[in-house]
Amino acid sequence: MCSVEALVRALVDVSEKAANVARLCRQNGDIFQLLVAEKSPDEANPRFVQDFKTLADVLIQEMVRHDIGKAFPDMRENIRGEESSTFTNSLGETITVQVGDSLEETANLLEKVLNGNKLVADLLAAEVHRSVVTDEAQSIEGVEGEISPADVGIWVDPIDGTAEYVQGKARETAVPGIWASGLRCVTVLLGVFEIESGRPIVGVINQPFLTELEDGAFSGKIFWGVAMDGVKRTNIPPREDVAGGRKKVAILSSAENKKYIYYLRDTLGYSIVFSAGAGHKILKLIQGDADLYLVSTGSTYKWDTCAPQAILRALGGGLINLQETIDTKTVVELSYAKSSGKCNIGGVLGFRTHTQLMEFSKLL
């Protein structure tokens with residue numbers, strides 16, 4: 001058994017290492033071009049004409065598997081991620097990315113990926129092997145509960161919003177508190193789920209590019225939550241359903257089905273906001289900047305939703321399977337049981353409180 005507090009600490013710290021790697025990879029535009037590869041047809045999200053992965057994606061995923069697997073060995077085989085562990089460099093060479101036991105081993109492998117660029121390989125390897133302790137230690141102190149590492153798994157989305165990450169632009173807000181697109185929509189998502197029940201129980205979201213600094217660099221912020229039997233903890237501050245008397249906000253993708261847009265806007269009175277990144281959109285729901293999240297197609301995956309769903313559950317909200325809920329006329333939460341597959345087929349409806357769910361259920 002291990003304490004939930006220890007697991008949350010480990011996930012929060014490795015999420016900040018992930019954010020550091022993501023920021024480092026973006027610092028030099030010329031170098032960054034070496035770090036981008038187009039996904040194969042089997043890997044790509046069919047929603048996108050071109051779907052990319054970066055070395056940062058692959059390296060972060062393997063770093064999480066290495067660090068968490070080392071701290072909790074019985075959990076290692078159940079750490080699952082969005083990306084394959086292979087990366088094709090600009091010379092067309094396909095290399096399996098792994099984190100070595102030593103900094104030198106990792107640097108040597110990365111040097112091959114980077115066409116012999118030893119300087120960048122050494123910088124990345126140093127970040128991967130650096131010990132990181134975040135400022136969240138105090139907020140995590142006292143989290144109760146124990147779990148068996150062999151009974152849980154982790155879904156990793158190393159960089160959610162890769163298209164925004166590749167483009168690298170910091171764009172204007174859609175409405176106050178919500179970014180329409182750009183680097184601020186990029187998140188690192190780490191979600192823990194119970195293998196037998198399929199329930200998400202711990203979530204960590206890291207937003208690496210939240211604040212742009214004077215020198216053009218960025219700093220970020222970490223959000224976490226625990227939702228287990230008898231234990232609900234999060235570092236999200238309390239917020240009213242509709243803060244400051246603002247209009248209700250539904251946050252969607254710009255490709256959303258028009259019938260849902262019209263229903264939310266014209267019948268239920270929501271202001272519609274379009275934004276990038278599933279993790280970012282649900283984070284805005286978590287923070288109370290939005291009141292409802294909707295995607296009506298199967299274009300999100302378990303790695304997109306596991307972490308934010310755990311945090312929402314800690315707040316009293318949740319994510320449900322839209323189509324199954326419509327078909328069965330009962331609330332069907334997203335599940336992470338093996339039989340549920342990787343894709344959230346049927347779409348997703350997210351709510352921060354049951355008030356929003358009950359309102360939307362008039363359509364269901």
Side-chain angles (χ1 to χ4, degrees), residues 1-2 4 7-8 10-11 42-43 45-46 61 64-65 68-69 72-84 145-158 160 188-205 224-234 278-279 282 285-286 293-351 354 357 364:
M1 300 292 285
C2 74
V4 176
L7 178 58
V8 174
L11 290 168
D42 290 340
E43 293 179 290
N45 187 329
Q61 184 171 291
V64 172
R65 184 174 281 119
I68 300 301
F72 308 98
D74 290 342
M75 203 179 293
R76 182 179 177 84
E77 295 307 311
N78 290 317
I79 301 175
R80 310 167 190 177
E82 175 183 6
E83 308 297 350
S84 70
E146 289 191 335
I147 56 173
S148 168
D151 294 338
V152 298
I154 299 177
W155 272 116
V156 180
D157 193 341
D160 182 70
V188 177
L189 308 173
L190 307 176
V192 181
F193 63 95
E194 294 173 335
I195 294 172
E196 186 173 345
S197 72
R199 292 189 308 172
I201 57 172
V202 179
V204 173
I205 301 176
W224 62 268
V226 176
M228 297 173 57
D229 293 336
V231 181
K232 287 194 175 181
R233 280 279 300 272
T234 176
I282 309 174
L285 185 63
I286 287 167
Y293 163 74
L294 174 72
V295 55
S296 61
T297 61
S299 57
T300 66
Y301 294 81
K302 302 304 180 186
W303 50 78
D304 294 313
T305 56
C306 187
Q309 186 179 356
I311 301 175
L312 275 172
R313 292 181 69 240
L315 291 166
L319 296 177
I320 64 174
N321 185 300
L322 180 64
Q323 193 59 54
E324 285 190 41
T325 298
I326 291 172
D327 291 344
T328 63
K329 294 182 174 55
T330 58
V331 174
V332 181
E333 288 192 279
L334 294 187
S335 171
Y336 300 86
K338 191 172 183 179
S339 59
S340 65
K342 295 180 179 180
C343 181
N344 293 316
I345 296 171
V348 179
L349 176 69
F351 55 96
H354 279 270
L357 175 62
L364 304 183

*Asks:* Main chain of Ser335, side chain of Ser340: is a donor-acceptor contact present, judged purely on distance under 3.5 Å?
*Replies:*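 Yes, Ser340 side chain to Ser335 backbone: donor-acceptor pair under 3.5 Å.
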*Asks:* Is there side-chain contact between Leu357 and Leu349, with at least one heavy-atom pair below 4.5 Å?
*Replies:* yes
*Asks:* With sequence neighbours left out, what residues match Thr328 under side chain to side chain contact (heavy atoms under 4.5 Å, CB included)?
*Replies:* Thr330, Val332
*Asks:* Are the side chains of Arg199 and Arg313 in contact, using a 4.5 Å heavy-atom criterion?
*Replies:* yes
*Asks:* Taking the side chain from Asp160 and the backbone from Gly279, do they hold a donor-acceptor pair closer than 3.5 Å?
*Replies:*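 Flag set: sc Asp160 to bb Gly279 pair under 3.5 Å.
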*Asks:* Testing the basics here: between Ile201 and Ala310, what is the closest heavy-atom pair and its distance to 0.1 Å?
*Replies:* C-CB, 3.9 Å
*Asks:* Could you list the residues that satisfy side chain to side chain donor-acceptor pair (under 3.5 Å) with Arg233, not counting sequence neighbours?
*Replies:* none
*Asks:* Is there side-chain contact between Ile205 and Pro308, with at least one heavy-atom pair below 4.5 Å?
*Replies:*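 They are in contact (side-chain heavy atoms under 4.5 Å apart), so the answer is yes.
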*Asks:* Looking at Cys343 and Gly298, what are the two nearest heavy atoms and their distance?
*Replies:* SG-O, 3.0 Å
*Asks:* Kindly compute the distance separating CG (Leu7) from CD1 (Ile154), expressed to the nearest 0.5 Å.
*Replies:*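 So the gap between those two atoms works out to 6.0 Å.
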*Asks:* Do Leu312 and Ile286 have side chains that get closer than 4.5 Å, going by heavy atoms?
*Replies:*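 Sidechains of Ile286 and Leu312: in contact.
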*Asks:* Between the side chain of Ser148 and the main-chain N/O of Met1, is any donor-acceptor distance below 3.5 Å?
*Replies:* no
*Asks:* Got a sec: does the CD of Glu146 have more than 12 other heavy atoms crowding it under 6.0 Å?
*Replies:*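 Yes, because the 6.0 Å sphere around CD of Glu146 holds more than 12 heavy atoms from other groups.
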*Asks:* Can you check whether Tyr301's main-chain N or O pairs, donor with acceptor, with Asn344's side chain at less than 3.5 Å?
*Replies:* yes
*Asks:* State the CD1-NZ distance between Ile195 and Lys338, to the nearest 0.5 angstrom.
*Replies:*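 Spacing of CD1 (Ile195) from NZ (Lys338) equals 9.5 Å.
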*Asks:* Nearest heavy-atom pair of Ala278 and Tyr293: which atoms, and what distance?
*Replies:* CB-OH, 4.1 Å
*Asks:* From the options Asn321, Leu319, Ile320, select the one residue that forms a side-chain contact (heavy atoms from CB on, under 4.5 Å) with Val348.
*Replies:* Leu319
*Asks:* Is a side-chain donor or acceptor of Gln309 paired with a backbone partner of Leu334 at a separation under 3.5 angstrom?
*Replies:*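 Yes, because the side chain of Gln309 sits within donor-acceptor range (under 3.5 Å) of the backbone of Leu334.
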*Asks:* To the nearest 0.5 Å, tell me how far Trp224 CH2 sits from Leu190 CG.
*Replies:* 14.5 Å
*Asks:* Are any of the side-chain heavy atoms of Val202 and Leu11 separated by less than 4.5 Å?
*Replies:* yes
*Asks:* Determine whether a donor-acceptor pair (N or O, by modelled atom type, separation under 3.5 Å) exists between the side chain of Arg65 and the backbone of Ile79.
*Replies:* yes
*Asks:* Val152 versus Met75: any side-chain heavy-atom pair under 4.5 Å?
*Replies:* yes
